[in-house]
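Here is how names work: the chains are called A, B, and so on, in the same order as the sequence lines, proteins then strands, and each is numbered from 1.
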Protein chains: 2
Amino acid sequence: MSATIKDVALRAGVSTTTVSHVLNKTRFVAKTTQERVFQAAEELNYAPSAVARSLKVKNTKSLGMLVTTTLNPFFAELVNEVEKCCYREGYNLVLCNTDGELEKTNSYLRMLTQKRVDGILVMCSAYDDSLFSSLIGQRNLPMVVMDWGPSDDYVDRIQDNSVKGAHLAIQHLIEQGHKRIAYIGGPLEKLPAKQRLDGFIEAMEQANLAIQDDWVIESDFEFEGGKLGMRQLLSCQNLPSAVFVGNDAMAMGAMSEAQLSGVKIPQQLSIIGYDNCMYSAYFSPPLTTINQPKERLAELAISTMIERIENPRQEGKMIMLEPNLVVRSSVAAVSAK
Amino acid sequence: MSATIKDVALRAGVSTTTVSHVLNKTRFVAKTTQERVFQAAEELNYAPSAVARSLKVKNTKSLGMLVTTTLNPFFAELVNEVEKCCYREGYNLVLCNTDGELEKTNSYLRMLTQKRVDGILVMCSAYDDSLFSSLIGQRNLPMVVMDWGPSDDYVDRIQDNSVKGAHLAIQHLIEQGHKRIAYIGGPLEKLPAKQRLDGFIEAMEQANLAIQDDWVIESDFEFEGGKLGMRQLLSCQNLPSAVFVGNDAMAMGAMSEAQLSGVKIPQQLSIIGYDNCMYSAYFSPPLTTINQPKERLAELAISTMIERIENPRQEGKMIMLEPNLVVRSSVAAVSAK
DNA sequence: TTTATTGTCTTAACCGTTTGATAAATATGA
DNA sequence: TCATATTTATCAAACGGTTAAGACAATAAA
């Protein structure tokens, strides 16, 4: 089929060793010999086999990324950043959507270990015991988990400070005069959802604001879930003046539902989201939201990963990223009252 | 490091051949021997090296996917579908965002050939000569291009019938009584943008409707581009009653801009998009748009790819997918006049 | 009893690289 | 001139699997 290093060596009239060395610049080779090798390689359209190479050097320059679903715009944006970093560092990214299914996760985990990827980035949000044990079974393999994770000795974690983010959101609402605040969040078995709820509760308590039971709704972090959550909220006897929605996807669904029901945003109802996905700037009205530093998150994930690949036995560390508020137009100041 | 087939063989007291055969179920092996092998493998936590295997069997069960950017929700959704199909067929997907940069594209192309992926899915939209020649240089490698492409003898193409889609959009607007129709499209060096514009023009001419010069705007398929396009449109002396926007991302930007400027959608201005991205159902108002059958597209891409991998010398074929209209609430019937 | 057949497993070559050990040729110094 | 360095390139053994060909018993057939 395609040319091998032997073919190149033969044509250049040198040994494969020499070819290897000139192509990798790994040892001095006389200028003229080099040229012969380059020319032979060129003529044969030679592309060295990374698989043979990997077998020998014991690394593949590929990383696996395990993510719940890239259908979620936040994940999509993050994956995008991660891919960028991988490219910059000379790695390939193999994308694995788990769809939250344990079987798919395990299957991918097996594939990735067999393919001998150099490391795995995990972004599955859930803190599910079975997932956990599946991962731990692969403890030999460098791993950084990006939004979740039981701290194991040899895995790094890097995550957004979601309780802080929730505080930021609530604080902003309060500063705008809101007191009657609702919450539509993600499924509680996902860490960020849990943290945002905790932050919400904490912040409300610190401000001495009551939390009305039917104003805190657990949903699923998806568009449709936001819609449903809002529907449920609108069916309450008395309505809040503002709602903190656990991510931008749900915020979009929620806004859509509210507007379809004729409630004006932000005049009648203020909404604040979480994630700061690209498109949230283009909602009508543009969404005020909490920004997760996605680029930074990706950069840290990759640099941490590379560090761990180079030094697998170092103790697992945990990095916390600070979110920040980005105000646009979906929350109004409550004037009267 | 990790156990090899030899370790397993040793521990089970058999040859590596036997181990290989029982693990791959590729030849009969006595029941008791099988058990010994399984147990040994289990005890050693053995994971066969796919890289060693690939070297021998000459395939990697991985596909590369070259895509402009997964930041665009349409691509993101498509990649998602593709990933699903890959998984189902036992392939890994390595994700390569080209960001429209030739250098990155070439670099990835090189990486992918070296990694010996079994095939490459190309979704770069542009019909750029240099890209073209880069790809052709790799003609040995199975390739299916998903939205673009100079037909080469040995590459398959599968694409959405975008001119048909544009017809559908314009027809719908006309049926709703619109006559003053504008168009905001993608960059003309991308095939879908070109086709949609062609379809727009064709459909308008067939209906004997005039196309006003400053009502056809070339933008960039991005959120912000849609916003800018709408801004430009709104600055015209006389406004259209409807606008056909070349994709949903731009439609979102356009709607946002229009609404920010106080024009009511669809009462004052109807909008129809293209792609039917998930989130377009959650716009305010929900977006009427042209649906590209993404799932079908992905399925066809993968099945075509597998066919080509199995039979690389067959003639390249071209498959056209039919879009369809999905009506929601962003276009209103023009009543009076 | 001898030969053929069947069932079960092993030997060894090969896939395409990298790399430590070593050799050949030439230059340098005494 | 000879011993030693230096420069340049080669040999051959891995790496971890797969698989064609063959080996060895045990059993069946002649």
Tell me, do A:Thr304 and A:Lys317 make a side-chain contact under 4.5 Å, heavy atoms counted? yes
Remember a base hit wins even if backbone is also touched, and classify A:Ser20 as base, sugar-phosphate or nothing at under 4.0 Å, heavy atoms. base
Measuring from the side chain of A:Arg27 (C-beta onward, heavy atoms only), which nucleotide among C:dA12, C:dA13, D:dT10 has the closest atom? D:dT10
Salt bridge check: are B:Glu83 and A:Lys104 linked by an N-O gap of less than 4.0 Å? yes
Rounded to the nearest Å, what distance is computed from the NZ atom of residue B:Lys61 to the P atom of nucleotide D:dT18? 14 Å
Select base, sugar-phosphate, or nothing to describe what B:Thr4 touches, counting heavy atoms under 4.0 Å on all strands. sugar-phosphate
Among D:dA9, C:dT18, D:dT19, the one nearest B:His21 by side-chain distance: D:dT19
If you check every side-chain atom of B:Lys56, which of C:dC15, C:dT18, C:dT10 has the closest atom? C:dC15
Which is true for B:Val51 with a 4.0 Å heavy-atom rule: it touches a base, it touches only sugar-phosphate, or it touches nothing? nothing
Is the phosphate of C:dT10, meaning OP1 or OP2, less than 4.0 Å from a side-chain N or O of B:Thr18? yes
Side chain of B:Val14 - closest among D:dG17, C:dT10, D:dA9: C:dT10
How many Å lie between CZ on A:Arg53 and C1' on C:dT19, as a whole number? 12 Å
Both B:Thr32 and B:Lys58 contact DNA chain C. Which one's nearest nucleotide lies toward the 5' end? B:Thr32
Would a line drawn from the ring center of B:Tyr87 to the ring center of A:Tyr108 be shorter than 6.0 Å? yes
Do the side chain of B:Ser54 and the main chain of B:Ala50 share a donor and acceptor less than 3.5 angstrom apart? yes
Between B:Lys115 and A:Asn92: side-chain donor-acceptor atoms closer than 3.5 Å: yes
Closest of D:dT18, C:dG16, D:dA9 to the A:Ser49 side chain is C:dG16
Whole angstrom value for the distance that separates P of C:dT18 from NZ of A:Lys25: 13 Å
Measure from the side chain of A:Ala30, starting at C-beta and using heavy atoms only, and say which of D:dT18, C:dT8, D:dA9 lies closest. D:dA9
Atom-to-atom span, CD1 of A:Ile5 to P of D:dA9 - whole angstrom: 15 Å
What is the distance from NZ of B:Lys115 to C1' of C:dT17, rounded to the nearest Å? 15 Å
Please state how far atom CD in B:Gln114 lies from atom P in C:dT18, giving the value in whole angstrom units. 10 Å
Nucleotide nearest A:Ser15 when distance is taken to its side chain, options D:dG16, C:dT19, D:dT10: D:dT10
Quick note, A:Tyr46 side chain, CB onward, closest among D:dT18, D:dA9, C:dT17 is C:dT17
Taking D:dT18, C:dT11, D:dG16 as options, the one with an atom nearest any side-chain atom of B:Leu55 is D:dG16
Length of the CG-P vector between A:Asn24 and C:dG16, whole Å: 17 Å
Quick check for you: among C:dA12, D:dG17, D:dT10, whose closest atom lies nearest to any side-chain atom of B:Thr17? C:dA12
Cationic tip of B:Arg308 within the cone over B:Tyr154's six-membered ring, i.e. under 6.0 Å and within 45° of the normal? no
Expressed as a whole number of angstroms, how long is the span from B:Asn59:CG to D:dT18:C1'? 12 Å
